[in-house]
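Working notes, structure below.
Position 1 is the first residue of the sequence, and the numbers go up from there.
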Amino acid sequence: MSPAASVPVWSPQEPGVQQICYLLSEYQKPGTNQTQILAQLDECKNIPDFNNYLAFILSQGDTLPVEVRQSAGLLLKNNLKQQYKALPEEYRHYVKLSLLHCIRNPSKALRQTVGTSIAVIVGLGSLKTWPELVPACVQGLEGSDINALEGCLDALYKICEDVPKQLDEEVPGLQELPSKVLIPRLLHLFSSVHVEAKCLAIGVANLLAGANPESLAPSLDSYMVGLFASAHDTHSGVRKAVCTGLVQMLHLQPERLAPHMDHIIEYMLESTQDGDEGVALESCEFWTAFCEAQVEPGVLRPFLGRLVPVLLKNMVYDEYDEEVQDAEAAEDADHGDEKDHEIKPFVRRNAAHGEEEEDDADEVSRWNMRKSAPSGRDWRARESAILALGAIAEGCVMGLIPYLPQLVSMLLPRLEDPRPLVRSISCWALSRYAQWIVERCSDPQQDINAAQLQLDEVLQGLLRHVLDHNKHVQEAACSALATLEEQSVSEQLVPRLKVILETLAKACATYGRKNLRILYDAISTLAELVGEHLADPNLLKVYMPPLIAKWQSLADSDRDLLPLLECFTAVAPAIGHAFEEFAKPMFDRCISIVTQQLAGQAAAAAGQPIEAEPEREFIICSLDVIAGMAEGLGSSIESLVGQSHLRELLLQCCQDPFPDVRQSAFALLGDLSRVCAPHLQPIMKRLLALAIQNMESHCISLQNMSACNNACWSMGELAIQCSPEQLQPFAAPIVERLMPILAAPMTQMPRSIVENSAITLGRVAWICPEGIAPHLGHFVGPWCAALRHIRDDVEKGHAFLGLCRLLRLNPQGALPHFGVLCDAFTSWRRFVDNGLHNEMGQVMQLYKQSLAAAGQWDAATGSLAQPIKEKLQQSFAV
């Protein structure tokens, strides 16, 4: 970090510096055409050493305004994200030296910009390619220059946030790992007189403790002593960092805190009432962490009398809370259309074939102090009390069961409260008890009539407020309705469908953009639960016209179309052939949207002008709708497919660079192969090749897993539509791709892709066994282990038919794995057809005959568990 070290070989041309500084300076001025300036700066990216100029302005522009230098740094950071790996080594070297020179700048804004750029470089290139960085940081941490100290700490903090594992990798020239070099110096700074440095040092140590706890292990006692010593610092930033560290320790090593737990609880009680909201909010995390940690719960019991009132107090809305102001203003406001920034980004609901879906995050309200506390002022106290009752539902429901009928009865009138936030929180609180409300209706120990009556009261109350005049209450009521639906069974919902759908149809005509998404979700949930009951013509007339009207009113590029398309994706398979009257315009429009988007992508890639940036979500949602139609209409979709260019679109989408597009494309491919395989025959070989390509070992990653899963499943669906001659060239490559998945440790691969691999392998073996049978011994063990866990259905039946064909051709191949083979055979509880049962029985009889003839049957079955022996006798008479 010495000045001499910052003088590189490269030097700028003065006219270039002046031109770039002029553009950056003009950009800061109000009233300038910023779009034009950004375009000019974008053109500068074509200059090979443009990033060097930016680094020079950032680090050496001492006579320039800080804003100009910071703009140069931010532009440099963005460029590095895109271009760093392609830069010549001498340019990288210049940028690095410039950043190290500027890390000690007196301007905090510049130091922070430098820290961000340093973290970007480390993330892209690793510490190994920048061996000077850690020694420079050590020099800054140990030196007397406060600017260098804070600059180095800021850079380390950002590295720990983005790529903490880098600090546990060897770096040339360092005798120890970077973390071991840095931790003692960070701990020393816990007692620094410089508040900003102290905050950052504790923050960096906290991040290291969370990401690399083993690196902190030798210094753990010193770390804890440092946290305790800083607990009552006068600066709120330090106290907040201490709370973060203690919460992290509680997550990672609660046993180390156990001896001090009484004092820590006292401290957190005090911090939860801190006048600084940041400290109070951070300390509230401790109570959640305590409940999740393996700590004796009795430790907290003596403090509950003081803790509960503190938490309840923190749950009360502040009089001037933004959420209060918004909700109260919405009581009389014309809802109109929400602005884009008011609406969350669209996230699809569908999962890959065989995968479980995760619940969406609670949309009722933003996270703040009052939510963290539980995970006129009288109404605010009333609202917070209802919030508390909802918050304890998950952990305390067993203890609350005797009181739940009265609790629900108490909440119902609150739905009519004059204050909108009381109405909305009451909707949410009722939804928290939805499972109990529903299950009580079928509990023989309960008064069924009373339970049904209360369910109807809750449902009617929520439906009334689905149509509330306040958009905040609408949102809460519609979300609660969807939750109540999810907890219900079809038999409970069907008698109530008409009133539910009539209410949702009315809401569809009045809701703003944001709440429409929740409404579509409620309809989708209904479709998934009641299925064909939605096909009732009288119900179709209620809910489909408003949905179709919305669909017709939105342009192909309107993002509000996406959640509506997702709704149709759920409705189409639920109502089956009743969707036919809507099928052709829906199908044609989805084909048109995919075509437009792919054309836009191609034009953008070729550098041609385009009207709007392509968005792959439109491709994904359109493919999903067609898949839903294929599932619902069955072979009736053939005419639509045959008259379209869907095949060509599928080929493009199955090789799209984005895994989520491939995920939907392979899902559709599998569905189409079930209902209109002849239309896929002309491109069958190309489709199989693409599916195999998606199963390459380098593709099997967390990011690509759902696409790989669907590719695997679709491969099996295609295989059973092929002739042996068609499939034979692909059989061996498919097995080669699937074997590593089946052989991987159970924790390494998601269950869905393991099961799909087992089924696909069986289907390929069923159609084309001759080329696979000689290799059976290499994979039959893990294959059978996977098959035994699959539920009994047609797909599992296909897999066992394939297994039986291989066993007939190569019975010796499975002998070393006879135990797991028997385990798989006896995993069937209910056979899907007699033919499969007979085939499995014949195979097992052949094994018994050959092994008994060799005097080996008793030895082969002797090690089997008794239930397996009994099941073999019961199912296959062996």
Side-chain angles (χ1 to χ4, degrees), residues 1-2 100 103-104 111 115 118-119 122 126-128 130-233 235 237-253 255-257 259-260:
M1 288 175 58
S2 63
L100 289 181
I103 203 169
R104 63 186 180 194
R111 295 196 303 269
I118 288 174
V122 172
S126 86
L127 281 174
K128 293 179 180 179
W130 197 351
E132 303 87 0
L133 179 58
V134 173
C137 287
V138 169
Q139 185 181 343
L141 298 184
E142 294 180 337
S144 59
D145 185 340
I146 183 60
N147 294 324
L149 171 61
E150 292 183 4
C152 291
L153 285 169
D154 181 75
L156 289 171
Y157 188 91
K158 288 166 180 169
I159 292 171
C160 289
E161 273 191 314
D162 296 347
V163 283
K165 297 296 183 184
Q166 291 279 352
L167 293 170
D168 271 347
E169 295 184 4
E170 293 183 357
V171 173
L174 286 183
Q175 296 181 348
E176 295 183 291
L177 296 176
S179 59
K180 293 187 178 296
V181 172
L182 293 168
I183 284 172
R185 292 164 174 85
L186 292 169
L187 296 177
H188 176 73
L189 290 169
F190 278 27
S191 58
S192 173
V193 296
H194 301 290
V195 171
E196 186 70 23
K198 187 173 183 177
C199 285
L200 283 168
I202 297 174
V204 174
N206 289 343
L207 290 171
L208 281 174
N212 312 314
E214 62 280 357
S215 66
L216 193 64
S219 306
L220 198 57
D221 289 336
S222 299
Y223 172 62
M224 290 175 57
V225 168
L227 290 178
F228 292 150
S230 303
H232 291 93
D233 196 280
H235 192 275
V238 174
R239 299 197 303 277
K240 179 180 176 182
V242 168
C243 289
T244 302
L246 291 174
V247 169
Q248 191 147 254
M249 283 294 295
L250 189 56
H251 278 300
L252 298 173
Q253 297 196 33
E255 69 280 358
R256 299 296 293 267
L257 295 184
H260 315 283

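Qualifying side chain to side chain contact (heavy atoms under 4.5 Å, CB included) partners for S191, counting only residues two or more places apart in sequence or in other chains: none. When the side chain to side chain donor-acceptor pair (under 3.5 Å) test is applied to R239, the partners found at least two apart in sequence or on another chain are D274. Under the side chain to side chain contact (heavy atoms under 4.5 Å, CB included) criterion, D162 pairs with A119, not counting sequence neighbours. For E142, the side chain to side chain donor-acceptor pair (under 3.5 Å) partners two or more places apart in sequence, or in a different chain, are R185. Considering only residues two or more places apart in sequence or on other chains, T244 meets the side chain to side chain contact (heavy atoms under 4.5 Å, CB included) condition with N206, E282. Looking at residues two or more places apart in sequence or on another chain, you find a side chain to side chain donor-acceptor pair (under 3.5 Å) between S179 and D168.
Atom OH of residue Y223 and atom CD of residue Q248 lie 5.5 Å apart, to the nearest 0.5 angstrom. Taking CZ of F190 as the reference point, atom CD1 of I202 lies at 5.0 Å (rounded to 0.5 Å). The line from CG of L149 to NE2 of H194 is 7.0 Å long, rounded to the nearest 0.5 Å. Rounded to the nearest 0.5 angstrom, K198 NZ and L186 CG are separated by 14.5 Å. The structure places CD1 of I159 at 15.5 Å from NZ of K165, a figure rounded to the nearest 0.5 Å. Here SG of C199 is found 9.5 Å from CD of E150. Values are rounded to the nearest 0.5 Å.
Judged by distance alone, the side chain of Q166 and the main-chain N or O of L127 form a donor-acceptor pair under 3.5 Å. Put simply, the side chain of S230 gets close to the backbone of G226: a donor and an acceptor are under 3.5 Å apart.
Looking at heavy atoms from C-beta onward, V171 lies in side-chain contact with L174 at the 4.5 angstrom threshold. Within the 4.5 Å cutoff, no side-chain heavy atoms of S126 are placed close to those of V122. Counting heavy atoms from C-beta outward, I118 and D154 have side chains that stay 4.5 Å or more apart. You'll find the side chain of I103 reaches within 4.5 Å of the side chain of C152, heavy atoms only. In this structure, the side chains of F228 and L246 come closer than 4.5 Å at one or more pairs of heavy atoms.
Contact detail for M224 and L257: the closest heavy-atom pair is CE-CD2, 3.7 Å. The shortest heavy-atom contact between L227 and V242 is O-CG1, 3.6 Å.
When the shell of 6.0 Å around CD of E169 is examined, it contains more than 12 heavy atoms from other residues, nucleotides or ligands. Heavy-atom contacts from other residues, nucleotides or ligands closer than 6.0 Å to CD of Q175 number 12 or fewer. Atom NE2 of H188 is surrounded by 12 or fewer heavy atoms from other residues, nucleotides or ligands within 6.0 Å.
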